[in-house]
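Worksheet: the structure to be examined is printed underneath.
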Amino acid sequence: MAGELPRLKSPSGRWIVLATVLGSSVAMLDGTVVNIALPRIGDALDADVAGLQWTLSGYTLTLASFILLGGALGDRLGRRKVFVWGTIGFAVASVLCGLAWNIEVLIAARVLQGIAGAMLTPGSLALISASIDPRDRGAAIGLWSGLGGVAGAIGPLLGGWLVEVASWRAVFLINVPLAVAVVLVSLRHVPESKDPNPPLRLDVLGAFVVALGLGALTYGLIDDTILLALLGLVLLGVFVVIEMRSTHPLVPPSLFASRIFTAANLVTFAVYAALGGVFFLLLLQLQLVAGYSPLAAGVSTIPITILMLVLSARAGRWSQRSGPRVPMTLGPVLAAIGLVLMLRIGPDADYLLDVLPGVVVFGLGLSALVAPLTGAVLGSVPTAESGIASGVNNAVARTSQLLAVAALPGLAGLSGSAFADPEQFADGFRVAMWICVGLLLGGGAIAAIMIGKPERDVTSVDESVDCKPHCAIAGPAVAPRVAVNEGAR
């Protein structure tokens with residue numbers, strides 16, 4: 001019976017939310033604090049721009065490649081088990097990152113961190129869906145989302161402070177005590193759950209082919225090796241064929257029969273590619289060119305997260321009333337205007353005059369976009385497919401960010417030791433921001449042309465599969481599948 005599951009206000013319910021919030025916060029903090037530490041990492045490990053690209057891309061590559069497989073493993077082997085395994089793996093990889101003695105070791109550790117993150121990230125929300133009484137599930141997911149947004153807001157401040165008072169290594173080592181707390185709480189207070197009718201087989205072949213394809217394409221873009229990039233594209237084409245022929249695909253082709261689902265993912269690809277480029281290069285521009293400290297650079301971007309925390313729910317309600325087309329068109333355009341304003345950031349930039357206006361307008365654009373985008377994805381597919389649809393959308397966002405970080409520096413002329421020359425970096429930053437402006441306007445145009453009224457009214461979704469807008473900018477929230485606890489059957 002559903003009543004056998006704990007209510008949100010019970011001690012068990014609160015422990016479950018604590019474990020899942022801490023777990024998602026570990027991955028979210030890592031996504032925000034590492035960007036701030038990049039200049040210090042480059043100095044300490046004598047890394048060039050390619051090394052810094054791989055520091056971010058190594059993690060995103062394996063996370064994007066295996067996040068759907070990680071969710072499927074949790075459904076099959078046990079959500080708590082895979083969640084705990086991922087948390088332990090993330091902590092071990094974080095220690096390796098913190099102890100890295102050269103850039104190659106750091107990159108290898110980041111690759112391992114991404115694999116662990118692919119086990120940890122989808123399990124966080126799935127555990128709430130499986131372990132909390134259906135009457136409180138929507139409220140629990142809303143609480144998870146809100147507290148996760150707070151973690152995202154704290155990340156830049158915490159990262160900048162750690163880099164200044166300790167070292168760049170501390171931004172990785174801070175994960176360890178958080179991971180220990182997650183594991184202890186999960187093992188003691190979170191019940192195990194599985195999918196009672198899992199697929200007979202997992203699409204392991206598809207997962208590894210897409211990982212090889214993305215890896216080859218990323219390496220080719222960063223190293224400017226055309227043949228390797230072409231090999232990556234061929235492997236991604238092979239992945240599409242595998243998914244079309246598989247009886248248990250990671251990415252069900254039937255999802256793309258929905259025009260709105262296809263359009264929403266095209267918008268996601270364009271917009272999140274721009275976000276990946278902006279948050280990689282903006283924090284470097286603030287430190288290397290404008291002369292900001294790591295702490296000041298981190299604090300500079302906090303208004304974006306605050307605006308998303310305050311306005312995302314309102315944007316979601318606006319989208320539910322009038323449809324997602326207008327906010328999904330207006331949001332990218334506003335964000336693009338914010339990037340144009342950021343072109344004022346140069347040597348000795350004044351925060352109030354040169355930085356804040358662009359950051360605020362950019363944040364308003366993201367606030368208008370993110371929740372309606374999530375609503376469009378969930379509203380375009382049947383309820384039973386909302387989990388996999390949201391997971392695919394998350395993977396698309398991660399993939400586009402991965403490719404943007406790999407490709408943008410080369411396209412903008414930021415290569416070799418460009419970060420050691422503030423003037424050269426500033427020139428490259430301006431070129432990259434114009435490219436990101438084009439990506440955002442392209443995303444807005446796709447929404448204006450292809451997005452209509454959702455094919456399913458997300459306001460009528462049963463609370464058992466409710467997913468509140470998530471305020472992370474690294475990727476959309478991964479909505480849970482319809483989770484049924486075995487004991488309730």
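As the structure is a prediction and not an experimental result, all values here were calculated from the model.
The shortest heavy-atom contact between Pro332 and Val271 is CG-CG2, 4.1 Å. Pairing each heavy atom of Ile451 with each of Arg325, the nearest pair is O-CD, 3.3 Å. The nearest pair of heavy atoms linking Thr62 to Gly58 is OG1-O, 3.3 Å. The minimum heavy-atom distance linking Val377 with Ala264 is given by the pair CG2-CB, 3.8 Å. Residues Leu52 and Ala47 share a closest heavy-atom pair of CD2-CB, 4.4 Å. Nearest approach of Val210 to Ser65, heavy atoms of both residues: CG1-O, 3.9 Å.
Using a 3.5 Å distance cut-off with no hydrogens or angles, the side chains of Asn393 and Thr268 do pair a donor with an acceptor. For the residue pair Thr60/Arg398, the side-chain donor-acceptor check at 3.5 Å is not satisfied.
Here the CD1-CZ distance, from Ile435 to Arg430, works out to 13.5 Å after rounding to the nearest 0.5 Å. Atom SG of Cys97 and atom OH of Tyr59 lie 10.0 Å apart (nearest 0.5 Å). Here the CE atom belonging to Met328 is positioned 4.5 Å from the CG atom belonging to Leu373, to the nearest 0.5 angstrom. How far CG of Leu214 is from CG of Leu403: 6.5 Å, rounded to the nearest 0.5 Å. Interatomic distance, CG of Leu99 versus CG of Leu173, reported as 6.5 Å (0.5 Å rounding). Atom CG of Leu288 is separated from atom CD of Glu423 by 14.0 Å, given to the nearest 0.5 angstrom.
Checked by atom type and distance alone, the side chain of Glu192 pairs as donor or acceptor with a backbone atom of Lys81 at under 3.5 Å. Of the possible polar contacts, none joining the Asp43 side chain to the Arg40 backbone as a donor-acceptor pair under 3.5 Å is found. Listed for the Thr225 side chain is no donor-acceptor partner under 3.5 Å among the backbone atoms of Leu227. A distance-only check finds no donor-acceptor pair linking the side chain of Ser258 to the backbone of Leu255 [under 3.5 Å]. Checking side-chain atoms of Gln53 against main-chain N and O of Pro409 turns up no donor-acceptor pair under 3.5 Å. Here the side chain of Arg169 pairs a donor or acceptor atom with the backbone of Gly98 at under 3.5 angstrom. The backbone N or O of Gly298 lies less than 3.5 Å from a partner atom in the side chain of Thr301, making a donor-acceptor pair. Remark: the backbone N or O of Val370 is paired with a side-chain donor or acceptor of Thr374 at under 3.5 angstrom. Judged purely by atom type and a 3.5 angstrom limit, Asp203 uses its side chain to pair as donor or acceptor with the backbone of Leu250. Checking side-chain atoms of Ser319 against main-chain N and O of Ala315 turns up no donor-acceptor pair under 3.5 Å.
For the pair Ser57/Ile222, a side-chain contact is recorded, criterion being any heavy-atom separation below 4.5 Å from C-beta on. Using a 4.5 Å cut-off on side-chain heavy atoms (C-beta onward), Val251 and Val240 make no contact. No side-chain heavy atom of Phe239 sits under 4.5 Å from any side-chain heavy atom of Leu212. Contact check for Leu343 versus Leu339: no side-chain heavy atoms found under the 4.5 Å cut-off. Here the side chains of Leu275 and Ser400 are not in contact, with every heavy-atom distance at 4.5 Å or above. Here the side chains of Ile103 and Asp46 are not in contact, with every heavy-atom distance at 4.5 Å or above. For the pair Tyr272/Leu402, no side-chain contact is recorded, criterion being any heavy-atom separation below 4.5 Å from C-beta on. With a 4.5 Å cut-off on side-chain heavy atoms, Leu440 and Val333 do not count as touching.
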Test log, rule side chain to side chain contact (heavy atoms under 4.5 Å, CB included), inputs Val34 and Leu56: CA-CA 8 Å; Val34 173; Leu56 295 183; 3.9 Å; yes

Assess whether side chain to side chain contact (heavy atoms under 4.5 Å, CB included) is satisfied between Val33 and Leu162, documenting all intermediate values. CA-CA 9 Å; Val33 301; Leu162 286 172; 5.9 Å; no

Determine, step by step, whether Cys436 and Leu408 satisfy the side chain to side chain contact (heavy atoms under 4.5 Å, CB included) criterion, reporting the C-alpha distance in whole Å, the side-chain angles of both residues, the deciding distance to 0.1 Å, and the verdict. CA-CA 9 Å; Cys436 291; Leu408 264 182; 3.6 Å; yes

For side chain to side chain contact (heavy atoms under 4.5 Å, CB included), just list the numbers for Phe429 and Leu282, CA-CA rounded to whole Å, side-chain angles, deciding distance to a tenth of an Å, and then say yes or no. CA-CA 8 Å; Phe429 175 79; Leu282 174 60; 4.2 Å; yes

Which donor-acceptor pairs under 3.5 Å do the side chains of residues 106-119 make with protein atoms, sequence neighbours left out?
from   : atom 1 : to     : atom 2 : distance (Å)
Arg110 : NE     : Thr55  : O      : 2.7
Arg110 : NH1    : Asp30  : OD2    : 2.6
Arg110 : NH1    : Gln113 : OE1    : 2.8
Arg110 : NH2    : Thr55  : O      : 3.3
Gln113 : NE2    : Asp30  : OD1    : 3.4
Gln113 : NE2    : Ser94  : OG     : 2.9

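Relative orientation of the Tyr219 and Trp54 rings is tilted, given thresholds of 30° and 60° on the angle between their planes.
Heavy-atom contacts from other residues, nucleotides or ligands closer than 6.0 Å to CG of Asn102 number more than 12.
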